[in-house]
Amino acid sequence: MFSDLILFQISILIFLGGALAGLLLRNNRFARHAIFGSAMIGSVFTIMFSIDVITGKPMTWMVPNVIPFFDLEIFVDGIAAFFLLMVGIVSFAVSIYSIGYSKEYQIKKRTMALGFLFNVFILSMVLVVASNNAFFFLLFWEVMSLTSFFLVIYDHDKEENVKSGMTYLVMTHLGTAFIFASFLLGYIQTGSFSFDSFRHGSSSFPLLVKNLVFIFALIGFGTKAGMVPLHIWLPKAHPSAPSNVSALMSAVMIKIGIYGVIRTIFDFSGFGASPDFAWWGMLLIAFGSASAIIGVLYAVVERDIKRALAFSSIENIGIILIGLGLSVVFASFQLTTFAMLALVASMYHTINHAVFKGLLFMGAGSVVSVTHTKNIEHLGGLVKQMPWTALLFLIGAISISGLPPFNGFVSEWFTMQSLLSSYHIPSTILQISIAFASLPFALTIGIAAATFVKLFGMTFLSKARSKYAINIKEVSHSMILGMSILAAVCVLFGVMPYLGTSLISTAFHMSSQPSSPFDTLTIQNSSGTSFANLSMPVVVIMLSSVSIAIFGFIRVLSGNTKKTKYGTWDCGFGSLNERMEYTPTSLSQPIRAVFKVFFRPRNQTEKESFGENSYLLKTVKIETAIKNIFEDLLYTPIVSSFIFFFDKVRRLQTGKINAYLLYIMITLVLLLLFVRLSNNA
């Protein structure tokens, strides 16, 4: 067998080969298979490498003087390997999906550039996670940001895509600035950009420096993760990118931000088991709660299927941050068992979200590729024409809604148990604060279920509501296969959660691990007695038994009764049509009304009467729109202030040499005064 280093090097070379193929090969069917086949094979080697490291020992590789004064340091331990495994699994499925999906871009003569950027994007994520040096981390981070930017604006013929890309570019570089500030503080304290020096020296950092390192990293990595209120780019960029890229960005790329937060807290910031650090966890819980509830509220009222999924990603990042914050709080008070429970909850939801969100974005991409619309108001009835896509999208929808026996249920159950275990924290204020945080978590779960009832029902069920949903056909086999892989993982991680928990326990070096796939998941309190139990195989058996019993009861009760088919009762109208259906807007109207403070809905009504009698209405047309309060109340004033300031500064550029000589003279005088005052001091 190959060594860990050889597996890693092979995967890098294959991704580079796929990118090179995108530049050199002609635009044809063979090229698509070669480009995305390379990404698929590279992902397989990444998965093999990750599993090898998780079950073995860390891998280190150093290449001296790749750039003058900087050595390329690669270090992959269990934590990094866990995230690389996630990258590999999702990239493998999306690469297979892309072979069929990219056919529409072949017509536009753009497949080659898409393949090049696709391979470089995956490669950059792998290298970011594997980097052990701040310089190369930021270098690969920038490559990841720029390639994803070019993928966001790939359909640059559409003006809104370019605007979305520019918003993304500004926000991602804002985040990069804060990440650099966090690393710079570590460099000032240790005199090195190596992450090893941060690990070994961070415990001696002054408390103020530790806090600043954490805050800067949270802002920087939180921006990439889509944490509220730094999320403004995410619902713009993800829907604009091609759907296979949207799947990678939402499922994997934003998790690199979570990886950065974890690395900073437990490796680079000098975090210790002391109540002084408990506020770090509470800050994570606060941002997580806000992200969860804001994300799901905007998802449930969205009519663009890809934007709804993007807002849902913000919601799930919030759930991940809640679990991570609880882990930090528990660890601060040396409650090790509960800290591990919360960390397992957070990491299990991290990989679960990667799987079902990748599946859902591919499902949405399949719908958009055949209907050529993202507006679910124009869809409906697709289950008869796209049965496989409908089934696989349904699996993803049930998984993300947190319903058994799929994977989302398990990780959300772990998170809820972590919240309920907060009474062990020896601080009444923190207990009350976490109790309040559990309210938005519970509300989020309920609204998330409503969101995906709406998305699935309005897209696939009932009658077609426009010409877009008529006379279409199922997508290609490669697209179905790519979705099926992630759907199978959703089922596997739900029915056998042992696979996920043992993977996380091994990667993060936790002491307690299940010994059998059929072991009951048991949560114990501080006295060692059982607090909560869950056996997913038993849940599956019970659900199956109830389903079989209900089916059998109906069959026995109906017996040999003669069946007669009638048309659906039409209330005397004569026939039912698509205009009598619930629309996506009407389905979410109650939530929009209850939480109108977040949406600021605007309704516009147009009425047409019969003749001059205004009471006899012929037609009534109502258009509703919502506002994004973060854009209106936060970002718009900031942008306006900057524009105003720089407009004033621009006036200094007069174009006259006299003015520039005056500026130079004023600068020299100020410098001379500064030197004089410094010498006197």
Side-chain angles (χ1 to χ4, degrees), residues 10-11 14-19 21-22 25 27-51 84-106 110-112 114-123 125-126 151 154 241-253 309 351 354-370 386-393 395-396 399 473-493:
I10 290 174
S11 67
I14 292 174
F15 285 126
L16 286 173
L25 295 180
N27 199 51
N28 53 42
R29 181 180 179 182
F30 170 76
R32 285 191 290 115
H33 285 77
I35 293 168
F36 295 108
S38 296
M40 180 184 69
I41 297 171
S43 300
V44 170
F45 276 95
T46 302
I47 294 171
M48 293 167 58
F49 164 73
S50 304
I51 294 174
L84 287 179
L85 177 63
M86 186 166 53
V87 172
I89 292 173
V90 177
S91 298
F92 174 69
V94 174
S95 298
I96 296 174
Y97 174 89
S98 299
I99 294 173
Y101 176 79
S102 61
K103 187 175 181 180
E104 65 175 288
Y105 291 96
Q106 182 177 328
R110 295 175 180 174
T111 308
M112 302 302 96
L114 177 63
F116 169 76
L117 293 170
F118 185 88
N119 278 274
V120 173
F121 182 44
I122 299 174
L123 175 60
M125 290 190 287
V126 171
L151 287 166
Y154 199 73
S243 294
N244 58 338
V245 176
S246 300
L248 284 179
M249 292 179 70
S250 202
V252 181
M253 186 190 74
L309 293 177
I351 194 168
V355 173
F356 53 61
K357 187 50 63 70
L359 168 60
L360 288 167
F361 260 110
M362 287 192 288
S366 299
V367 171
V368 174
S369 67
V370 297
M386 305 176 69
W388 285 106
T389 299
L391 173 63
L392 296 170
F393 192 94
I395 292 174
S399 299
K473 60 181 180 179
E474 186 61 273
V475 294
S476 65
H477 295 306
S478 66
M479 296 171 72
I480 294 173
L481 178 59
M483 291 186 286
S484 299
I485 291 169
L486 295 187
V489 178
C490 287
V491 176
L492 195 63
F493 276 8

**Message:** Show the nearest heavy-atom pair for residues Leu359 and Leu392, with the distance to one decimal.
**Reply:** CD2-O, 3.5 Å
**Request:** Apply side chain to side chain contact (heavy atoms under 4.5 Å, CB included) to the pair Phe118 and Leu248, showing each step before the final yes or no.
**Result:** CA-CA 9 Å; Phe118 185 88; Leu248 284 179; 3.4 Å; yes
**Item:** Closest contact, heavy atoms only, Ser250 versus Lys357
**Value:** OG-CG, 3.5 Å
**Asked** Of all heavy-atom pairs between Val94 and Asn244, which one has the smallest distance, and what is that distance?
**Response** CG1-O, 3.4 Å
**Message:** Between Leu151 and Phe121, is the side chain to side chain contact (heavy atoms under 4.5 Å, CB included) condition met? List the steps.
**Reply:** CA-CA 9 Å; Leu151 287 166; Phe121 182 44; 4.1 Å; yes
**Item:** Phe356 CZ to Ser399 OG distance, which is reported to the nearest 0.5 Å
**Value:** 7.0 Å
Let me check something: any side-chain donor-acceptor pairs from residues 478-493 under 3.5 Å, sequence neighbours excluded? List them with distances.
{"from": "Ser478", "atom 1": "OG", "to": "Gly100", "atom 2": "N", "distance (Å)": "2.9"}
{"from": "Ser478", "atom 1": "OG", "to": "Ser476", "atom 2": "OG", "distance (Å)": "3.4"}
{"from": "Ser484", "atom 1": "OG", "to": "Ile480", "atom 2": "O", "distance (Å)": "2.7"}

**Item:** Test log, rule side chain to side chain contact (heavy atoms under 4.5 Å, CB included), inputs Val245 and Leu114
**Value:** CA-CA 9 Å; Val245 176; Leu114 177 63; 4.3 Å; yes
**Asked** Looking at Ser369 and Val475, what are the two nearest heavy atoms and their distance?
**Response** OG-CG1, 4.0 Å
**Fill in**
Between Gly22 and Ile35 the two heavy atoms that sit nearest each other are CA-CD1, 3.6 Å
**Prompt:** Short question: side chain of Tyr101, backbone of Ser243 - any donor-acceptor pair under 3.5 Å?
**Reply:** yes
**Asked** Which heavy atom of Ser246 sits nearest a heavy atom of Phe361, and at what distance?
**Response** CB-CD2, 3.5 Å
**Complete:** Value for OG (Ser50) from CG (Leu85), rounded to nearest 0.5 Å, stands at 5.0 Å
**Request:** Evaluate side chain to side chain contact (heavy atoms under 4.5 Å, CB included) for Val370 paired with Lys473, printing each intermediate quantity in order.
**Result:** CA-CA 7 Å; Val370 297; Lys473 60 181 180 179; 5.7 Å; no
**Request:** Could you tell me the separation between the CD atom of Glu474 and the OG atom of Ser366, rounded to the nearest 0.5 Å?
**Result:** 7.5 Å
**Any pair counted as side chain to side chain donor-acceptor pair (under 3.5 Å), so long as it reaches residues 36-48, sequence neighbours left out** = none
**Item:** Contacts of Phe49 that satisfy ring-ring contact (aromatic ring centres under 6.0 Å, His included) - sequence neighbours left out
**Value:** Phe8
**Message:** With rounding to the nearest 0.5 angstrom, report the CE to CE distance, Met249 to Met125.
**Reply:** 9.5 Å
**Message:** Can you tell me how far apart CD1 (Ile41) and CZ (Phe92) are? Round to the nearest 0.5 Å.
**Reply:** 9.5 Å
**Message:** Between Ser91 and Gly88 (side chain of the first, backbone of the second, donor and acceptor by atom type, cut-off under 3.5 Å), is there such a pair?
**Reply:** no
